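Take a look at the structure below.
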Amino acid sequence: MRHYFLTAACCLAVLPAFLGLSSRAAALGLSEIIDLAGKRDAQVRADTLVAEARDAEAWQSVAGYGPSLTASGSTMRSRDSLKPEASAGLDERLAKFNEMALAIGFEQPLIDLEKGSKALQGLAEMDIALLLEKKAKEDLLLKVHERYYGVLSARESFKLARAETAALQKQVQNAVQKLELGFATITSQYEAEARYRTASATEIARKSDLSNALKALEELIDQEIVEELDDLDPQMTLPAIPNDLAAWLRVAAAANTDLKLKQLQVETARFEFRAAQSRFLPSLVFFADYSERHPTDGLAGYGEERNEMDVGLRLEGKLLAGGRDSAAFIAADKKVRAAEERTTVADRAMRRSVRSLWESIANTRQLASAYQQAVAVSEKALESTQAAYDEGAKVLLDVLNAEQDHYRSMRQYRTSRYDYMILLEKFRQVVGVDSIWLQSSVKNGEEI
């Protein structure tokens with residue numbers, strides 16, 4: 001059996017027995033949709049480029065602690081004059097000459113707490129950029145799952161609506177025939193026709209829903225879908241999530257992307273605060289400067305080439321910056337506290353989502369099982385009611401109600417399976433793992 005989910009970081013890596021997707025010729029599977037969306041979705045490309053830009057900007061802070069090398073050159077037309085006092089007994093002199101100059105400077109911060117904090121902040125920003133890129137892919141995966149199963153759900157609803165319309169059309173014909181034979185009333189015919197007209201309208205609405213769902217999925221892959229989409233195996237047993245809720249809460253606390261982003265933002269805010277603190281402290285810099293001057297001539301009547309070389313340590317510190325540093329210090333402190341509060345919010349939201357999804361998955365699994373049993377029972381009830389009606393023991397309204405119950409049960413059962421698969425993907429992303437079915441990922445609540 002083909003695998004229909006991408007493995008590892010790109011998608012749910014699940015075993016074929018758990019997938020239960022049928023393999024039909026020329027069918028388009030979930031893995032193909034994910035691959036196409038990853039290549040063609042404009043939003044994920046934009047988010048990825050934003051993350052890469054943030055990574056490049058972070059390098060600026062890291063590189064700020066590195067050495068700097070400067071070079072400058074100049075050429076100029078100079079004029080020197082000498083006009084001594086009359087008592088000196090010297091003649092006035094005037095020299096016009098060209099001069100070329102070259103200067104090279106090298107600096108390396110040895111102790112600079114501000115630049116050091118900025119460099120550490122840059123490293124944390126690089127980690128944030130990686131997480132933002134990961135989150136962009138996760139968001140795309142969830143959209144693909146929602147829209148893919150949305151198409152399957154809309155398709156099933158349309159098929160059932162069409163089947164129900166056809167069944168009601170037969171009931172109308174049957175009512176007309178019985179009325180002509182004197183075995184039914186005009187009321188039965190009207191009831192059948194009313195149900196048929198309502199079902200026809202529902203079929204049109206379901207067809208529109210299917211068209212809209214297909215357009216939403218086509219938007220992600222930037223192409224028209226003409227192939228049939230792979231469906232879940234009708235005999236597939238919905239997989240249960242291993243381990244218990246407490247174990248997954250611990251896993252999510254360590255791997256949830258949103259929470260890790262907020263934690264890294266606290267880290268970068270603290271480094272920014274330390275950098276703001278360090279502006280009040282001096283820095284120690286190693287420097288080396290070299291310069292050359294090459295004039296053509298001078299007051300003495302000949303050129304005077306001058307070379308200078310300086311090597312040493314320089315202690316630098318700002319004494320006054322117009323209150324800017326104090327304001328930056330206060331702002332950085334507020335940012336740290338705000339980032340800590342956002343982390344608290346993200347942690348609470350993560351725990352609420354894990355618990356909510358855990359309960360929703362369990363309830364949806366039970367609902368699907370209950371609907372499956374309801375389908376079997378309603379089918380038998382419909383057959384029994386139809387047989388009784390044919391024998392004259394039931395009226396047409398009983399048959400119509402039984403048909404409505406049966407198609408409602410089938411629709412609820414089939415759509416609940418697609419809802420369950422979407423919930424699984426949401427849960428996988430909230431807990432931050434590649435596959436929630438791999439038993440080796442969590443053992444006795446250990447963090448992965």
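Starting from 1, each residue takes its place in the sequence as its number. Keep in mind that what you see is a predicted model, and the values were worked out from it rather than measured.
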Atom CD1 of I111: over 12 foreign heavy atoms under 6.0 Å:
no

By salt bridge (Lys or Arg N to Asp or Glu O under 4.0 Å), which residues pair with R411, not counting sequence neighbours?
none

Can you list everything that forms a salt bridge (Lys or Arg N to Asp or Glu O under 4.0 Å) with K143? Sequence neighbours excluded, please.
none

Residues passing the side chain to side chain contact (heavy atoms under 4.5 Å, CB included) test with A103, sequence neighbours excluded, are S72, S291

Yes or no on side chain to side chain contact (heavy atoms under 4.5 Å, CB included) for V50 and L132, after CA distance, side-chain angles and deciding distance?
CA-CA 9 Å; V50 169; L132 288 176; 5.6 Å; no

Does NZ or CZ of R206 fall inside the cone over F158's six-membered ring, less than 6.0 Å from its centre and within 45° of the axis?
no

Below 30° counts as parallel, above 60° as perpendicular, anything between as tilted: where do the rings of W248 and F427 land?
perpendicular

Taking atom types as modelled and ignoring hydrogens, do the side chains of K207 and S211 form a donor-acceptor contact shorter than 3.5 angstrom?
no

Distance-only donor-acceptor check, side chains Y371 and Q373, under 3.5 Å:
no

Testing the 3.5 Å rule here: is there a donor-acceptor pair between the side chains of Y418 and D231?
yes

Between I422 and H145 the two heavy atoms that sit nearest each other are CG1-O, 3.9 Å

Count the heavy atoms belonging to other residues, nucleotides or ligands that lie under 6.0 Å from CZ of R337, then report whether that count exceeds 12.
no

Verify the neighbour count for atom CD of E316: are there more than 12 heavy atoms of other residues, nucleotides or ligands below 6.0 Å?
yes

All pairs passing salt bridge (charged side-chain N to carboxylate O under 4.0 Å, His left out) where residues 265-275 contributes a residue, at least two apart:
R270-E340, E272-K335

Count the heavy atoms belonging to other residues, nucleotides or ligands that lie under 6.0 Å from CZ of R293, then report whether that count exceeds 12.
no

Which salt bridge (charged side-chain N to carboxylate O under 4.0 Å, His left out) pairs, counting each pair once, include a residue from residues 36-50, with sequence neighbours left out?
D35-K39

Without hydrogens or angle criteria, can the side chains of H294 and E292 be said to hold a donor-acceptor pair below 3.5 Å?
yes

Ring pair (Phe, Tyr, Trp, His ring centres under 6.0 Å) filter on F329, not counting sequence neighbours, yields F273

Residues E52, T48; criterion side chain to side chain contact (heavy atoms under 4.5 Å, CB included); working and verdict:
CA-CA 6 Å; E52 292 174 352; T48 300; 3.7 Å; yes

Does a side chain donor of either T257 or K134 reach within less than 3.5 Å of an acceptor in the other side chain?
yes

